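Notes to accompany the following structure.
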2 protein chains.
Amino acid sequence: MTENETDTEQKIFEAACRIFEQKGFDGARMQEIADEADINKSMLHYYYRSKDKLFQKVYQKEMGRFLPVIFDLWNADLPLDKKIREVVEAYYAFLNENPRIAQFVIHEMNQNPERFQDFLAKLDLKVPQNFNRQIDREIKQENINEIDPRQLIISVVALTHFPVIARTMVKSINNFDDEAFQQFMEERKQFLVDFILNGINYQK
Amino acid sequence: MTENETDTEQKIFEAACRIFEQKGFDGARMQEIADEADINKSMLHYYYRSKDKLFQKVYQKEMGRFLPVIFDLWNADLPLDKKIREVVEAYYAFLNENPRIAQFVIHEMNQNPERFQDFLAKLDLKVPQNFNRQIDREIKQENINEIDPRQLIISVVALTHFPVIARTMVKSINNFDDEAFQQFMEERKQFLVDFILNGINYQK
DNA sequence: GTCTATATAACGATAGAC
DNA sequence: GTCTATCGTTATATAGAC
């Protein structure tokens, strides 16, 4: 019966992830999570004691998945143009598989900045030092404009993540259905790589 | 006594704006709004009947302020480089005066896409047709790369708005206090204008 | 219009049978 | 482990005195 235990617990957790991602902590209802998991509400308390503790688990999982992806590739040993393409594609792949995670991160981060800061500190993410040096070199060799690497990183994150976070607005304004939105985002991928490399005046 | 009536009603409304912006509909408490307005909780119901109706008013005010700003300047009769600078500066000015509005819009839009779509339809915002034509001309004259004007607009919104929405993350990652963040954003303004114009390969 | 007191409903959490 | 029934709290909302 160990399998059934694990199974129930996991069904609850996965349902909680979906509901918390959609509604946030304040908007989520324990009953709703129970319904989503197709499991009796008491089981949520049996396995996780409280809404708060269940949320903590979800929070750690989602933040722990989201944040490393943001930084992972910047330190890679790749030429700048290839790196930009890889980062954009990695962001796209991740956001495609996790369409609501960015929205969750943004909202819960703003609701409780201290908790976010504490969590970030524990993650011990590497500041992209290699990338800073790479940008320095490229500037000295006059391959790109003089830019602050931090401005570039946040710009790439913004350009890729914002349309996903603001998907409702992008769809409404352009009268996109889901399919048209998906196509728009696919076209955007190539646009972004060119836009970013031109943006820093990259000379091959 | 008409003055006192209006005064109380407005104090409530302004407090409600601040609380709903920070906490969202689900996270906001009527008692908290009453405290923020320094007014008895019953008065909220006396003037606005319900939390929902009070929120509707706030929603309409905030959305009605936010959305026009996004589109206003794109149709202006300005050369492209000047237009980009003006738009970026207009976005900056608005977000500086309303530091939490973008976060509010994003969250409530995602919580209820249908309501957002309905509201947007009623606003009857002009699609930036003039801007589309301007981009067409610039492409034909080979002043810029072949780009989709919709991709450019959303990119400019993303580059300016994302750091504000994700302010907590930007601050935490870079170990910025409020002052350092403000300076980073100020430096970013010039970075963005160059980055965007280079991004579309603008030739003066 | 403003206050206190209270009704009503929703939600998180627990007890206890099986 | 799982279910039903229910407790205790909190939140919205209203009634009624002033």
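For clarity, every value in this text was computed on a predicted model and none was experimentally measured. Below, read A as the first sequence line, B as the second, and so on, with proteins coming before strands; counting in each chain starts at 1.
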Q: Please tell me which of the listed nucleotides, D/dG1, C/dT4, C/dT2, lies nearest to the side chain of B/Asn40?
A: C/dT4
With [X], which residues qualify under salt bridge (Lys or Arg N to Asp or Glu O under 4.0 Å), at least two apart?
X: B/Asp136; answer: none
X: B/Asp72; answer: none
X: A/Glu108; answer: none
X: A/Lys51; answer: none

Q: Pull out every residue in residues 12-26 of chain A that has a heavy atom closer than 4.0 Å to any atom of DNA chain D, ordered by number, or say none.
A: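 Within residues 12-26 of chain A, no residue comes under 4.0 Å of DNA chain D.
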Distance check needed: [N] [atom2] versus [X] [atom1], whole Å only.
X: A/Tyr48; N: C/dG12; atom1: OH; atom2: C1'; answer: 17 Å
X: A/Leu44; N: C/dT14; atom1: CG; atom2: P; answer: 13 Å
X: B/Glu9; N: C/dT2; atom1: CD; atom2: P; answer: 10 Å

Q) Which residue pairs pass the ring-ring contact (aromatic ring centres under 6.0 Å, His included) test when at least one of the two sits in residues 21-41 of chain A, sequence neighbours left out? A) A/Phe25-A/Phe55
Q | Partners meeting ring pair (Phe, Tyr, Trp, His ring centres under 6.0 Å) with A/Phe71 (sequence neighbours left out) | A |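 With sequence neighbours excluded, A/Phe71 shows a ring pair (Phe, Tyr, Trp, His ring centres under 6.0 Å) to no residue whatsoever.
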Q.
Suppose we screen for ring pair (Phe, Tyr, Trp, His ring centres under 6.0 Å). Which residues come up paired with B/His107, at least two apart in sequence or across chains?
A. A/His107
Q: Taking atom types as modelled, find out whether A/Glu179 and A/Gln183 have a side-chain donor-acceptor pair closer than 3.5 angstrom.
A: no
**Q.** Nucleic acid footprint by protein, nucleotides 11-18 of chain D - heavy-atom cut-off 4.0 Å, B for base, S for sugar-phosphate alone
**A.** SBBB----
